[in-house]
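Below is one structure, written out as structure tokens, with a few remarks after it.
In this text the structure is predicted, and so the values were computed from the model without any measurement. First listed ligand is number 1; within each ligand, the first listed atom is number 1.
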Amino acid sequence: MKITNATVNVCSPGRNFVTLKVETDEGLYGLGDGTLNGRELAVVSYLTEHVISCLIGRDPFQTEDIWQYLYRGGYWRRGPVTMAAIGAVDMALWDIKGKALNTPVYNLLGGRSRNGVLVYAHANGADIEHTIDAVAREIDRGYLAVRAQSGIPGLDSTYGVAKGNKPYEPAERGLPSESLWSTEKYLQHTPKLFERLRKRFGPDVHLLHDCHHRLTPIEAARLGKELEPFHLFWMEDPTPAELAEGLGIIRQHTTTPIAVGEVFNTIWDAKILIEKQWIDYIRMTVAHAGGLTHLKKVADFAALHHIRTGCHGATDLSPVSMAAALHFGLAVHNLGIQEHMPHSAETDAVFPHGYSFHGGYMYPGDEPGLGVDLDEKLAAKYPYQRAYLPINRKLDGTLFDW
Ligand code: GCO
Ligand code: MG
């Protein structure tokens with residue numbers, strides 16, 4: 001089999017998605033997600049200007065060699081744009097391989113290690129009471145694990161909390177909006193939220209929280225310690241994680257489990273964290289970490305160090321990424337949990353898919369390949385619209401991590 005053509009589709013059914021379609025001389029095609037929130041067109045250009053012509057004529061079964069060709073052979077390695085482009089190609093090739101062999105991708109990654117993939121929902125509210133109600137709603141929907149984020153008294157808006165009645169969506173159309181931040185207010189508020197959640201929902205529900213890279217190591221250590229009585233499943237991205245040693249400091253102070261990795265692109269970003277066992281969950285994104293070929297290596301390396309997976313699964317990754325993460329989660333031995341933010345009805349219609357949610361778990365479906373398609377006609381009704389993640393500043397105006 002040979003690759004004959006590849007095209008990139010950009011659409012915006014509520015938010016922007018970049019989808020690579022790789023076609024073959026046997027009429028089979030595969031899909032890969034190359035969406036990089038707020039920088040979508042950089043990946044499109046990387047694929048169309050620099051990658052697609054190198055794929056023509058290659059055997060799509062050679063996932064390892066093509067991965068090395070694009071990574072090692074590109075000389076300029078790593079970075080989110082490069083790795084999202086490689087990730088899109090890699091996903092599409094695994095999709096083709098599954099279709100050609102008439103089997104779901106999880107069978108090519110080791111087969112089922114479990115019946116379903118434990119997933120966590122998002123719950124958020126303007127204050128503690130509204131967040132409690134939101135968690136209750138997710139538990140009623142059948143989730144066994146819920147991430148809770150609450151508005152903070154004295155701050156107009158914050159990460160993870162929806163504005164109005166719409167589901168939370170981090171990107172906004174137009175130029176970046178700006179929000180104001182106070183670590184002091186956040187640190188005072190967050191333990192109160194989890195005290196109330198544990199009291200209300202009891203010990204069994206898994207509770208998670210995302211700090212979104214906003215703390216210093218010692219602030220994160222304080223928060224982790226104060227959250228210990230409430231037994232979180234994890235505290236996510238406590239510090240900006242480029243400084244790996246910061247996570248080592250947090251580790252010395254608290255037994256609250258730590259999850260990082262959604263902004264990582266390769267195993268090199270996580271290597272020290274894994275070797276030193278400074279984290280408990282590695283939550284890289286299939287799309288942004290070079291696809292399944294690379295992520296499988298990360299998972300196997302993590303498994304040697306008692307570290308489990310927790311793939312990033314925000315709505316800014318398309319249903320193609322969601323499917324890839326579910327095949328991966330079903331197959332790897334050291335699955336932790338998978339994030340699940342349901343896509344909008346418009347997105348689901350553009351990307352018909354076989355995966356499903358039931359009773360706290362997700363199932364990738366048994367269609368050959370990844371089990372996701374792209375309705376190109378419908379997609380054409382939703383042209384790309386420029387959108388950005390917000391910018392964050394401290395109360396005195398200093399630019400801060402968002
Ligand atoms: C998460 C993430 C997202 C990111 C988003 C940025 O845990 O799901 O933190 O909400 O902010 O993916 O594009
Ligand atoms: Mg996160």
Side-chain angles (χ1 to χ4, degrees), residues 12 14-18 33-43 80-81 83-84 87 119-124 134 138 143 145-150 157-163 166-173 176-177 179 181 186 190 206-215 220 223 232-242 247 257-265 269-270 279-289 309-319 321-322 325 329 336-344 347 362 386-392 400-402:
S12 196
R15 66 159 350 283
N16 294 319
F17 294 110
V18 173
D33 179 21
T35 309
L36 186 61
N37 203 2
R39 295 292 185 271
E40 295 87 358
L41 300 187
V43 182
V81 175
M83 297 310 287
V119 292
Y120 68 91
H122 279 210
N124 64 81
E138 299 308 326
Y143 286 95
V146 185
R147 181 189 103 152
Q149 308 289 135
S150 151
S157 62
T158 189
Y159 165 76
V161 179
K163 291 178 187 154
K166 288 189 178 159
Y168 176 67
E169 162 57 60
E172 291 164 13
R173 286 174 173 168
S177 66
S179 29
W181 174 250
Y186 168 76
T190 304
H206 296 305
L207 295 174
L208 299 83
H209 181 68
D210 191 347
C211 306
H212 220 255
H213 309 279
R214 292 180 177 198
L215 304 176
L223 181 62
L232 265 62
F233 188 95
W234 76 36
M235 175 166 87
E236 176 176 329
D237 290 333
T239 53
E242 335 40 343
L247 287 138
I258 308 291
V260 303
E262 68 180 43
V263 298
F264 289 177
N265 309 126
D269 295 325
I279 57 171
D280 300 278
Y281 297 91
I282 178 73
R283 30 183 322 283
M284 281 155 68
T285 307
V286 187
H288 303 157
T309 66
C311 286
H312 184 207
T315 38
D316 45 85
L317 303 155
S318 88
S321 272
M322 190 66 204
I337 198 166
Q338 168 66 44
E339 180 177 23
H340 181 219
M341 273 176 91
H343 286 107
S344 67
T347 299
M362 284 184 78
R386 187 158 65 164
Y388 286 94
L389 292 169
I391 298 294
N392 204 21
F400 197 65
D401 305 85
W402 184 80

Problem set entry | Residues that E236 engages under salt bridge (charged side-chain N to carboxylate O under 4.0 Å, His left out), provided they are two or more places apart | R283

Exercise. Atom CG in D237, atom SG in C211: separation rounded to 0.5 Å?
Worked result: 8.0 Å

Problem set entry | OG on S318 to NE2 on H343, rounded to 0.5 Å | 6.5 Å

Check ligand 1 for N or O atoms under 3.5 Å from a protein N or O and list each pair with its distance.
{"unit_1": "ligand 1", "atom_1": "7 (O)", "unit_2": "R147", "atom_2": "NH1", "d": "3.3"}
{"unit_1": "ligand 1", "atom_1": "7 (O)", "unit_2": "D210", "atom_2": "OD2", "d": "3.1"}
{"unit_1": "ligand 1", "atom_1": "7 (O)", "unit_2": "E236", "atom_2": "OE2", "d": "2.8"}
{"unit_1": "ligand 1", "atom_1": "7 (O)", "unit_2": "E262", "atom_2": "OE1", "d": "3.0"}
{"unit_1": "ligand 1", "atom_1": "7 (O)", "unit_2": "R283", "atom_2": "NH2", "d": "3.4"}
{"unit_1": "ligand 1", "atom_1": "7 (O)", "unit_2": "E339", "atom_2": "OE2", "d": "3.4"}
{"unit_1": "ligand 1", "atom_1": "8 (O)", "unit_2": "E339", "atom_2": "OE1", "d": "3.1"}
{"unit_1": "ligand 1", "atom_1": "8 (O)", "unit_2": "E339", "atom_2": "OE2", "d": "2.4"}
{"unit_1": "ligand 1", "atom_1": "9 (O)", "unit_2": "Y159", "atom_2": "OH", "d": "3.0"}
{"unit_1": "ligand 1", "atom_1": "9 (O)", "unit_2": "D210", "atom_2": "OD2", "d": "3.1"}
{"unit_1": "ligand 1", "atom_1": "9 (O)", "unit_2": "H212", "atom_2": "NE2", "d": "3.1"}
{"unit_1": "ligand 1", "atom_1": "9 (O)", "unit_2": "E262", "atom_2": "OE1", "d": "3.0"}
{"unit_1": "ligand 1", "atom_1": "9 (O)", "unit_2": "E262", "atom_2": "OE2", "d": "2.7"}
{"unit_1": "ligand 1", "atom_1": "10 (O)", "unit_2": "Y159", "atom_2": "OH", "d": "2.7"}
{"unit_1": "ligand 1", "atom_1": "11 (O)", "unit_2": "H212", "atom_2": "NE2", "d": "2.7"}
{"unit_1": "ligand 1", "atom_1": "12 (O)", "unit_2": "H312", "atom_2": "NE2", "d": "3.0"}
{"unit_1": "ligand 1", "atom_1": "12 (O)", "unit_2": "D316", "atom_2": "OD1", "d": "3.0"}
{"unit_1": "ligand 1", "atom_1": "12 (O)", "unit_2": "D316", "atom_2": "OD2", "d": "2.9"}
{"unit_1": "ligand 1", "atom_1": "13 (O)", "unit_2": "N37", "atom_2": "ND2", "d": "2.8"}
{"unit_1": "ligand 1", "atom_1": "13 (O)", "unit_2": "D316", "atom_2": "OD1", "d": "3.3"}
{"unit_1": "ligand 1", "atom_1": "13 (O)", "unit_2": "D316", "atom_2": "OD2", "d": "3.2"}

Problem set entry | Total protein N, O or S atoms, the Mg ion (ligand 2), separation less than 2.8 Å | 3

For this session: Walk me through it: do K163 and E172 pass the test salt bridge (charged side-chain N to carboxylate O under 4.0 Å, His left out)?
Result: CA-CA 11 Å; K163 291 178 187 154; E172 291 164 13; 3.1 Å; yes

Exercise. Taking the side chain as C-beta and beyond, is there a heavy-atom pair between Q149 and H209 under 4.5 Å?
Worked result: yes

Exercise. Is it true that the side chains of E138 and H122 contain a donor and an acceptor less than 3.5 Å apart?
Worked result: no

For this session: Step through it carefully: locate the ring centre of Y186, locate the ring centre of W181, and say whether they are under 6.0 Å apart.
Result: yes

Exercise. Is the distance between the ring centroids of W402 and Y388 under 6.0 Å?
Worked result: no

Exercise. Does F264 have any ring pair (Phe, Tyr, Trp, His ring centres under 6.0 Å) partners at least two apart in sequence or in another chain, and if so, which?
Worked result: none

